[in-house]
Student: 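Please read through the structure below; I'll follow up with questions.
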Amino acid sequence: MGPPKIKLYVVTNNIKKGEEAIKILESLGVDAEIALVEKKEIQSEKLEEIALHAARTAYLVLKKPLAVDDSGLFIEALNGFPGPYSNYAYKTIGVKGILKLMEGVSTRKACFKTALAVIIPPLEKVYIGEVCGTITTEPRGTSGFGFDPIFTPEGETRTFAEMSLEEKNKISHRAKAYKLMVKDLRETWKTIL
Ligand code: IMP
């Protein structure tokens with residue numbers, strides 16, 4: 001028998017996001033659990049900085065191997081808005097407000113980006129995942145969360161909110177970041193995940 005597997009704690013304030021992450025990690029064979037520790041969000045233009053700061057503050061409390069993701073929707077026609085301010089934009093203007101800003105706009109390209117910070121002492125790293133697509137003209141679908149009803153990934157006709165969690169997890173920004181993380185931790189850092 002080798003050394004025991006590391007259990008990874010997923011720190012989030014958003015239960016839907018946590019469940020999504022746990023499913024992704026399960027599919028990769030990683031033992032993971034949602035940690036009910038507050039995710040402290042600093043204001044920054046860089047998702048990487050926001051995620052790393054949240055991970056470090058959560059580690060001070062939890063003191064266990066953990067991962068924190070900070071994500072955002074970057075809309076080309078809005079010069080990248082809401083990007084790192086996606087949480088605030090979602091809570092204030094919401095899906096409807098974004099669609100209003102996009103009224104009459106023909107360039108509808110947008111990308112979801114995740115910065116995933118992981119701390120497994122002494123290791124501290126940030127992984128990036130991205131998926132691009134288009135902003136719809138009206139919300140469609142009821143699954144997922146946040147801006148899922150107005151985002152159609154490239155090569156698809158359905159929005160994320162019209163897909164099952166398994167389907168979203170095959171192509172999402174979050175899934176890409178977690179897959180990169182698990183591969184790197186196992187292959188480069190010989191972490192027992
Ligand atoms: P957070 O700061 O990483 O929690 O996410 C910022 C905001 O982006 C959230 O409030 C969501 O509205 C949105 N968001 C993040 N990830 C996703 C996703 O996978 N689908 C849809 N919206 C998302």
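Just so it is clear, the values below take in all heavy atoms, side chains as well, and ignore hydrogens, waters and symmetry mates. The model shown is predicted, which means the values in this text are computed figures rather than measured ones. Start at 1 and go down the list; that is how both ligands and their atoms are numbered.
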Student: Going by heavy-atom distance to atom 3 (O) of ligand 1, choose the closest among Lys17, Lys39, Lys91.
Tutor: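 Of the listed residues, Lys17 has the closest heavy atom.
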
Student: Which residue and non-hydrogen atom of the protein lie closest to atom 8 (O) of ligand 1, and at what distance in Å?
Tutor: Ser86 CB, 3.4 Å

Student: His173 heavy atoms, cut-off 4.0 Å: which ligand 1 atoms fall inside?
Tutor: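 Reading through ligand 1 atom by atom, the close ones are 16 (N), 17 (C), 18 (C), 19 (O).
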
Student: Of the listed options (Gly146, Ala115, Ala54), which comes nearest to atom 11 (C) of ligand 1 when hydrogens are ignored and any heavy atom counts?
Tutor: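 Comparing heavy atoms across Gly146, Ala115, Ala54, the nearest one to atom 11 (C) of ligand 1 lies in Gly146.
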
Student: Would you say Tyr127 and Lys179 make side-chain contact, with heavy atoms under 4.5 Å?
Tutor: no

Student: Is it the case that Arg174 and Ser71 place a side-chain donor and acceptor less than 3.5 Å from each other?
Tutor: yes

Student: Does a side-chain N-to-carboxylate-O contact under 4.0 Å join Lys176 and Glu130?
Tutor: no

Student: Closer than 4.0 angstrom, basic N to acidic O: yes or no for Glu48 and Lys113?
Tutor: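 Salt bridge: yes.
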
Student: Quick one: look at Glu41 and ligand 1, take heavy-atom pairs under 4.0 Å, and tell me if it's side chain, backbone, both or neither.
Tutor: side chain

Student: Which of the numbered atoms in ligand 1 are under 4.0 angstrom from any heavy atom belonging to Asp148?
Tutor: 18 (C), 20 (N), 21 (C)

Student: For ligand 1, which atoms, with element, lie under 4.0 Å from some heavy atom of Lys168?
Tutor: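 What qualifies from ligand 1 is 18 (C), 19 (O), 20 (N).
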
Student: Got a sec, which hydrophobics cluster with Val105, joining ILVMFWY side chains under 4.5 Å apart, including via others?
Tutor: Leu73, Ile75, Leu78, Phe81, Tyr90, Ile93, Val95, Ile98, Leu99, Leu101, Met102, Phe112, Val131, Ile135, Phe147, Ile150, Phe151, Phe160, Met163, Ile171

Student: Does Thr188 use its side chain to pair, donor to acceptor, with the backbone of Leu185 at less than 3.5 Å?
Tutor: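 Not at all, since once roles are kept as given, no pair shorter than 3.5 Å links the two residues.
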
Student: Taking a cutoff of less than 4.0 Å between a non-hydrogen atom of the residue and any ligand atom, is Asn14 in contact with ligand 1?
Tutor: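 Not so, Asn14 does not reach ligand 1.
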
Student: Between CD1 of Ile24 and CG of Asn169, what distance do you get to the nearest 0.5 Å?
Tutor: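 These two atoms lie 4.0 Å from each other.
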
Student: Should Glu41 and Asp70 count as side-chain neighbours, where that means a heavy-atom distance under 4.5 Å?
Tutor: yes

Student: Specify the protein heavy atom at minimum distance from atom 16 (N) of ligand 1: its residue, its atom name, and the distance to 0.1 Å.
Tutor: Arg174 NH2, 2.9 Å

Student: Does Leu73 have a heavy atom less than 4.0 Å from any atom of ligand 1?
Tutor: no

Student: Which residue holds the protein heavy atom closest to atom 10 (O) of ligand 1, what is that atom called, and what is the gap in Å?
Tutor: Asn87 OD1, 2.9 Å

Student: Looking at non-hydrogen atoms alone, which of Tyr88, Phe145, Phe147 comes nearest to atom 17 (C) of ligand 1?
Tutor: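 Looking at heavy atoms only, Phe145 sits closest to atom 17 (C) of ligand 1.
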
Student: Is there a polar contact between ligand 1 and Tyr90, counting only N or O atoms under 3.5 Å apart?
Tutor: no

Student: Checking Glu156 side chain against Pro153 main chain: does a donor-acceptor pair fall under 3.5 Å?
Tutor: no

Student: Going by the closest heavy atom to atom 6 (C) of ligand 1, which one wins out of Gly72, Ser71, Ala89?
Tutor: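 Ranked by closest heavy atom to atom 6 (C) of ligand 1, first place is Ser71.
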
